[in-house]
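Just below is one structure, and these are the notes that go with it.
Since this is a predicted model, take the numbers as computed values, not measurements. Index from 1, following the sequence.
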Amino acid sequence: MSHEPLYANGRALTLDKRVGKGGEGEVFSVSNLPGYAVKRYLNALAAEREPKIRALVASQLADSVPTVAFPCQVVENKQGKFVGFLMRLVDKHKEIHELQTPTSRQKHFPKADYRFIVRVALNVARVMAQLHAQGCVVGDINQRGILVSPEATVVLIDADSFQVNAGGRDWLCAVGVPEYTPPELQGKTLKAIVRTADHDAFGLAVCLFQLLCMDRHPFSGSYTGEGEMPLEKAIEEFRFAYSARATGMEPPPGTVRLKDFPASVHQLFEEAFSPANVGKRPAAADWVAAMQAFEGELRMCSRNKLHHYARHATECPWCRMESRYGRPLFLNSDYSRMHLAGGQRDARHGLVLDLAALMAAVNGVPLPGAISVPLPPVSAAPPPQDNARLLRLKRRALPVARGVGAALVPLAALGVYLGMPWFYGLALAALGLTPLGVKFSADRYLARHQQLCGEIVARVATLQQAAPLSRAIKVKAEIYEAVEQFRHLSTAFSQQAAEWDSERRTKQLDDHLVRQQIRRATLSRITTTDCATLASWGFTTALDIKQQNVRVVPGIGPIKSANLHTWLQELERGFSYRSAWTAVDHHQVRTRQNEILIKQQGMEERIKKSLSVFQSLALETDRWKNSVDSELTALFARLAQCEADIRCLGLKVPPRPPLNPIAAPTLASFQQAATIAQPAPVLCPRCQSPMVRRVARRGPGNGRAFWGCGRYPGCNGTRPI
């Protein structure tokens, strides 16, 4: 990314990626100055902003209040023209509304419980108190200007709009958000108004109320009078919806109540939003003391370990809210102890389980795309071993020894010729020939190098196969499958009433036929013996005649079979369908839904266990990526020693084998394997449609399981299990 050269105190700045953009300009990180960012104004605004920014920089507020991103240096272009300022880079923080809103909190702060929220509220009050102690006023308090980290620390941004006294004059805040503007300033032009810490106190109280009360605004509720009550008008008229005062407003149903908080917090909210306290609202320091006390007296809910609330409260407000809205307010980071909204049942889908939040938590865990084994750090080459040095000396001395030996052989021959005893000559010749047969080979070092390379490759392959990443992806695929099955169960739960309604006529007819016993009917040519035989084959009622082929019964030929079916048809013609639902119908639907609930509970346990395993494997994967195997380290050390010995011998060191990462398995590979592993469906012997497992309710096989055609009652095919 190319930018115009910019400078701060004569130092060139290299702008990196853009981290923010607003109506006044853009914010860029600085690659050659880590931890800092540049706000560059639009050209039309730069000249207007310059005097205030230079005054802020000269006041050194950036050093006095490090929790606020104040301008710390003026930024100019190459021509020395003012373009913006340098400030602290606020990284890995989210805007505060991402925390106070339950749905976004589960995505951006999945580990946050109510203790975390109270700690953030305390830190917001602390930052505001530090700012006011320096004589500054925020003025434009809003959700976008307060950032929160995963560690609950708080930083204020957009400090160039704050009201400050610097350079001998007041620099005013010209903007404000109506939801955080106090009643006395509602509807007024703010450019020329000198703000006070008391004005900030109102906005701070609104911010803390929203944070502590799950994003509820203190002036938003039901108006008990006539007409509409817009939020800005409610603020202007001091209509605090949760107040004990008569404000003509009622809070929304299912929300928190002021009595859910300690008396000190309750009182501060009343004072902050009361017309009697304009000019003397609770200061930020008062909120710091109250939040510290509140944090110290939080207790854990006996029904949900994620819920923490004031010790004096008579009930858990979060259980009350979850019961009202049917969804969890907090996402459990300890998946093995996940709680499901007070065990609530949803009338449409059965068991309540926030699958979107769960999948957000699962997908939010980063997993590498390849399995790369951590290699030992490169260290200085070791010195060659003594045996390698000795071999090098011998190899160097060998040519000299061979030259001397070559001279001794003719000398021995000459000595024998001149009269030397032959055995002396023979010994001298043997001594000369000895160096000619000596060989010093370095092949064993090269073979050792090849062996070590093979062992390293094998060890890396073993480590890659044992890497926890594959298991983590497999468990993630299992979670996907379990969640999908839970969705199917939820869909099936919602369809039970409609399915039962579509089956009611058939069920009523079946109930009518099952009450008609063959033994009690007057049937032509059907004797008592025939009745006993039919019963032995499972034919005792008219329904059995309908569902099975009676011709399989010995002694029941075409005529008797026809008589039985004629009787069945007469019973069907005499059947009267009752269209109005009865208590029995509702009971049947509840029974079916209860069976699905049991399956949902089992699937919930499976999801919780899988999530716990997945979390552990994700942590294990992070540790594995940064841990070096001791056996691999030892192999690399031996390989380095072998290479040092080879270099000592003056030989070329063979290249090391490539240790490339292998691609991590995909979710699809495990899901496909799971699909392949599923048993083949049982097919109906009559129509070849898939069969479903059923349980006999009546007859000799009462209580026994069997396969029944999925097209029943269109097809009555059965198979034994």
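The two residues W318 and V256 make their nearest non-hydrogen contact at CZ3-CG1, 3.2 Å. When all heavy atoms of I607 and A482 are compared, the pair lying nearest together is CG1-CB, 3.7 Å. Closest approach of M291 to A121, counting heavy atoms only: SD-CB, 3.7 Å. What you find for H307 and F330 is that their closest heavy atoms are CD2-CD1, 3.8 Å. Taking all atoms of both residues into account, the shortest heavy-atom contact from C316 to Y309 is CB-CE2, 3.6 Å. For F539 against I518, the heavy-atom pair with the smallest separation is O-CD1, 3.7 Å.
Donor-acceptor pairing under 3.5 Å is lacking for the side chains of R257 and Y242. Using a 3.5 Å distance cut-off with no hydrogens or angles, the side chains of H97 and Q210 do not pair a donor with an acceptor. A donor atom on one side chain and an acceptor atom on the other are found under 3.5 Å apart for Q485 and E481.
When the side chain to side chain contact (heavy atoms under 4.5 Å, CB included) test is applied to V457, the partners found at least two apart in sequence or on another chain are P657, L659. Y223 meets the ring-ring contact (aromatic ring centres under 6.0 Å, His included) test with no other residue; sequence neighbours excluded. For F486, there are no ring-ring contact (aromatic ring centres under 6.0 Å, His included) partners, not counting sequence neighbours. Contacts of D91 classified as side chain to side chain contact (heavy atoms under 4.5 Å, CB included), with partners at least two apart in sequence or in another chain: L89. A241 is linked by a side chain to side chain contact (heavy atoms under 4.5 Å, CB included) to M249, counting only residues two or more places apart in sequence or in another chain.
Salt-bridge annotation for K92 and E151: absent, with no side-chain N of the basic residue lying under 4.0 Å from a carboxylate O of the acidic one. A salt bridge links E295 to R119: at least one charged side-chain nitrogen sits closer than 4.0 Å to a carboxylate oxygen. Under the 4.0 Å criterion applied to side-chain N and carboxylate O atoms, D585 and K507 are not assigned as salt-bridge partners. Taking the charged nitrogens against the carboxylate oxygens, E503 and R592 do have a contact shorter than 4.0 Å, which makes a salt bridge. No salt bridge links E297 with R311; every basic N to acidic carboxylate O contact stays at or beyond 4.0 Å. With respect to the salt-bridge test (charged N to carboxylate O, under 4.0 angstrom), the residues E595 and K599 do not qualify. Between E315 and R320, at least one side-chain nitrogen of the basic residue sits less than 4.0 Å from a carboxylate oxygen of the acidic one, meeting the salt-bridge criterion.
R105 contributes a side-chain N or O that, together with a main-chain N or O of L329, makes up a donor-acceptor pair within less than 3.5 Å. At least one donor-acceptor pair under 3.5 Å links the side chain of N626 to the backbone N or O of D622. Checking side-chain atoms of Q508 against main-chain N and O of R578 turns up a donor-acceptor pair under 3.5 Å. Not a single donor-acceptor pair under 3.5 Å links the side chain of D501 to the backbone N or O of A497. Under the 3.5 Å distance criterion, the side-chain polar atoms of R515 are matched with a main-chain donor or acceptor of D511. Proximity of a side-chain donor or acceptor of D260 to a complementary backbone N or O of A310 within less than 3.5 Å is not detected. At distances below 3.5 Å, not a single donor-acceptor pair connects side-chain atoms of W624 with backbone N or O atoms of A467. Put simply, the side chain of N549 never gets that close to the backbone of V552: no donor and acceptor are under 3.5 Å apart. Side-chain N or O atoms of H312 include one that pairs as donor or acceptor with a backbone N or O of K259 at under 3.5 Å. In this structure, the side chain of S220 does not engage the main chain of H217 through any donor-acceptor pair within 3.5 Å.
Here L99 contributes atom CG and H93 contributes atom NE2; the two are 12.0 Å apart, rounded to the nearest 0.5 Å. The structure places CD of Q496 at 10.5 Å from OG1 of T591, a figure rounded to the nearest 0.5 Å. For the atom pair C301 SG and Y114 OH, the distance stands at 13.5 Å (nearest 0.5 Å). Expressed to the nearest 0.5 Å, how far NE2 of H512 lies from OG1 of T541 amounts to 11.0 Å. A distance of 13.0 Å separates CD1 of I596 from NE2 of H488, quoted to the nearest 0.5 Å. With rounding to the nearest 0.5 Å, the separation of CG in L564 from CD1 in I556 is 6.0 Å.
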- Task: I would like to know whether K609 and E605 meet salt bridge (charged side-chain N to carboxylate O under 4.0 Å, His left out); could you show each step before the answer?
- Result: CA-CA 6 Å; K609 291 179 180 178; E605 290 299 319; 5.4 Å; no
- Item | Check against side chain to side chain contact (heavy atoms under 4.5 Å, CB included), I479 and L611 | CA-CA 7 Å; I479 294 173; L611 283 170; 3.6 Å; yes
- Task: Output, in order, the C-alpha distance, side-chain angles, deciding distance and verdict of side chain to side chain contact (heavy atoms under 4.5 Å, CB included) for E572 and F575.
- Result: CA-CA 5 Å; E572 289 178 332; F575 164 69; 5.6 Å; no
- Residues V148, F109; criterion side chain to side chain contact (heavy atoms under 4.5 Å, CB included); working and verdict: CA-CA 10 Å; V148 182; F109 296 90; 4.1 Å; yes
- Run the side chain to side chain contact (heavy atoms under 4.5 Å, CB included) check on R115 and V120 step by step: do they pass? CA-CA 9 Å; R115 294 171 300 179; V120 170; over 6 Å; no
- Message: Walk me through whether R471 and E478 qualify under salt bridge (charged side-chain N to carboxylate O under 4.0 Å, His left out).
- Response: CA-CA 10 Å; R471 286 174 285 148; E478 293 172 355; over 6 Å; no
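Cation-pi geometry between R216 and F209 is not met at under 6.0 angstrom from the ring centre and within 45 degrees of the axis.
Under the 30°/60° scheme for interplanar angles, the aromatic rings of W581 and H586 are found to be tilted.
Taking 4.5 Å as the limit, some side-chain heavy atom of D510 sits within range of a side-chain heavy atom of K546. A heavy-atom distance below 4.5 Å is found between the side chains of L147 and I157. Side-chain atoms of T506 and L509, non-hydrogen and from C-beta on, never get closer than 4.5 Å to each other. Counting only heavy atoms from C-beta outward, the side chains of Q465 and I371 never approach each other to under 4.5 Å. Contact annotation: the side chain of D629 never approaches that of V373 to less than 4.5 Å [non-hydrogen atoms, C-beta and beyond].
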Distance-only criterion, 3.5 Å: show the donor-acceptor pairs between side-chain atoms of residues 355-367 and protein atoms not counting sequence neighbours.
residue, atom, partner, partner atom, Å
N363, OD1, Y480, OH, 2.6
N363, ND2, M359, O, 3.1

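The number of heavy-atom neighbours closer than 6.0 Å to CZ of R487, taken from other residues, nucleotides and ligands shown, is above 12. Other residues, nucleotides and ligands contribute over 12 non-hydrogen atoms within 6.0 Å of the NZ atom of K625. In the displayed structure, E499 atom CD is contacted under 6.0 Å by more than 12 heavy atoms of other residues, nucleotides or ligands. No more than 12 heavy atoms of other residues, nucleotides or ligands lie within 6.0 Å of CZ in R144, so this atom counts as exposed by the packing criterion.
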